[in-house]
Number of protein chains: 2
Amino acid sequence: MTVTAYQQAQRQGQGVVRDVILDAAKRLLVGEGPGALTVRRISAEVGCSTKVIYTLFGGKDGLSEALWLEGFARFERRLLEVPAHDDPLARLHEGLAAYRDYALSEPDYYRVMFQGAMPGFKAGEESVRVAKRTFDLLVRGVAACLEAGVLRGGTATEIADVLWMAMHGAVSLEISDFFDQGEAEQRYRLLCASVLTPFLASAEKDAS
Amino acid sequence: MTVTAYQQAQRQGQGVVRDVILDAAKRLLVGEGPGALTVRRISAEVGCSTKVIYTLFGGKDGLSEALWLEGFARFERRLLEVPAHDDPLARLHEGLAAYRDYALSEPDYYRVMFQGAMPGFKAGEESVRVAKRTFDLLVRGVAACLEAGVLRGGTATEIADVLWMAMHGAVSLEISDFFDQGEAEQRYRLLCASVLTPFLASAEKDAS
DNA sequence: AAAAGAAGGGTAACAGTGTTACCCGAGAGA
DNA sequence: TCTCTCGGGTAACACTGTTACCCTTCTTTT
């Protein structure tokens, strides 16, 4: 059962084709929204038949899963851009702002990731595990604050989850146009500050 | 241009048929999820041709809009079940719990209302206005707390919006299976308490 | 070296979707 | 009674995801 050179080349070739297809799908998602993600459209964009998508991704669900994970990968890349800081709390705040930034900069990806924008697709367990790892960054940011003593009153995962829920709610409603122009940003800041306040160690009552 | 008895009967008849169709759609949504909401399926359920849906609703979008508003109507009905209370803050807390209750009891409606579960459908401006009125209940609950002096530090709409964002985020992630079994309820309680704490007039630091 | 086997990929079909042009038939108005 | 308007059924259109069939190409075997 040796792997022949041909098989290797073939596999590499398939890998390249896979990337080309995935790139076309990403382009369609960002450019025209989830509605443009049809097997025929993507294969036409690439210049191959629909069959290729079935052999390489095992159907539309496989491609959807790849796109879903790509969304989290981009998300993580954006979160990693947040520079290190002396003050862990300031860094956490910048992370919270980066969360909204990403969602607003690529709302269709956000919809795919969190609002089931691809009808019929449901991420598998393994993918969910991978995707959730993105939030380890948030947990670590909270943990740093706990260690520095600027936050208290909960475990890192508890506080991180609470922050996540709040941010997701805000961003989710914003990209669904439930807020008026301009209102959203102020509300987001107020929400982040409010959620964090009860966990501040220096618990002055600050209502800004 | 008098309205004849026939026209009136006709219109009444159409109204009845409209309700029958809408009922079938509601049944399909609750019973089988948004995926079952196809024009053919609904008309088959009712026993008419697809054309009727087009004359009575002007296409699938019209029917979708009716379902969307129905979701908010049910939501409002659930929120109105929260009994009056001497303590406005206790009542507010029960309202927050009712929010999650509704979303968990009819997740497919919630998905339709807030996650765009009907592909291609986007609610019109007028419908959005009507839907948003549901949240007047929440604003009034917050306003009562402000008047009673148990909350402070923001306007009623500000605090209500912050609560809404937080609750929506929590519930939205929960029905999308991002939390483990049992975790969700505790997180929801922690979130509600956290968001509200900074606005409490009796600002003891209470981390429960 | 030639035949046999395996496998990727194109074509064209299937069943499903929303939508509509075309009809027919029933009631309104003359 | 004759016309005419209009609701509604049939059947088609252009889409969707998916797959059976076939051809080509490379590997393997004799």
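So that the names make sense, note that chain A is the first sequence line, chain B the second, and so on, each numbered from 1.
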Given D/dG8, D/dA12, C/dT20, identify the nucleotide with an atom nearest to the side chain of B/T50.
C/dT20
Is the backbone of B/K26 close enough, under 3.5 Å, to the side chain of B/E70 for a donor and an acceptor to pair up by distance?
no
Suppose we call two aromatic rings close when their centres sit under 6.0 Å apart. Are B/Y109 and B/Y102 close by that rule?
no
To the nearest angstrom, the CG-P distance between A/L56 and C/dA7 comes to 16 Å
Closest to side chain of A/T55, choosing from D/dG8, C/dG9, C/dT17
C/dG9
Can you tell me whether the side chain of B/R40 and the base of C/dG16 have a donor-acceptor pair closer than 3.5 Å?
no
Starting at the 5' end of DNA chain C and moving along, which residue's nearest nucleotide shows up first, B/G59 or A/S49?
A/S49
Provide, to the nearest angstrom, the distance between the CG atom belonging to A/L37 and the P atom belonging to D/dT18.
13 Å
What is the distance, to the nearest angstrom, from the CZ atom on B/F57 to the P atom on C/dG18?
14 Å
Rounded to whole angstroms, how far apart are OH on A/Y54 and P on D/dT18?
4 Å
Between the side chain of A/T197 and the main-chain N/O of A/A193, is any donor-acceptor distance below 3.5 Å?
yes
Whole angstrom is fine here: how far is it from CZ in A/R41 over to C1' in D/dT18?
20 Å
Rounded interatomic separation in angstrom, taking CD1 from B/I42 and C1' from C/dT17
12 Å
Both conditions, 6.0 Å and 45 degrees, for the charged tip of B/R100 above the ring of B/Y188: are they met here?
yes
Classify A/K51 by what it touches in the nucleic acid, base, sugar-phosphate, or nothing, heavy-atom distance under 4.0 Å.
base
Could you state the NZ-C1' distance from A/K60 to D/dT19, rounded to the nearest angstrom?
17 Å
NA contact type, B/T38, heavy-atom cut-off 4.0 Å: base, sugar-phosphate, or nothing?
sugar-phosphate
If you look at every strand shown and take non-hydrogen atoms under 4.0 Å, does A/L63 touch a base, only sugar-phosphate, or nothing?
nothing
Nearest-Å distance for atom pair CD1/C1', residues A/I53 and D/dT19
14 Å
Just by distance, do the side chain of B/K132 and the backbone of A/F178 share a donor-acceptor pair under 3.5 Å?
yes
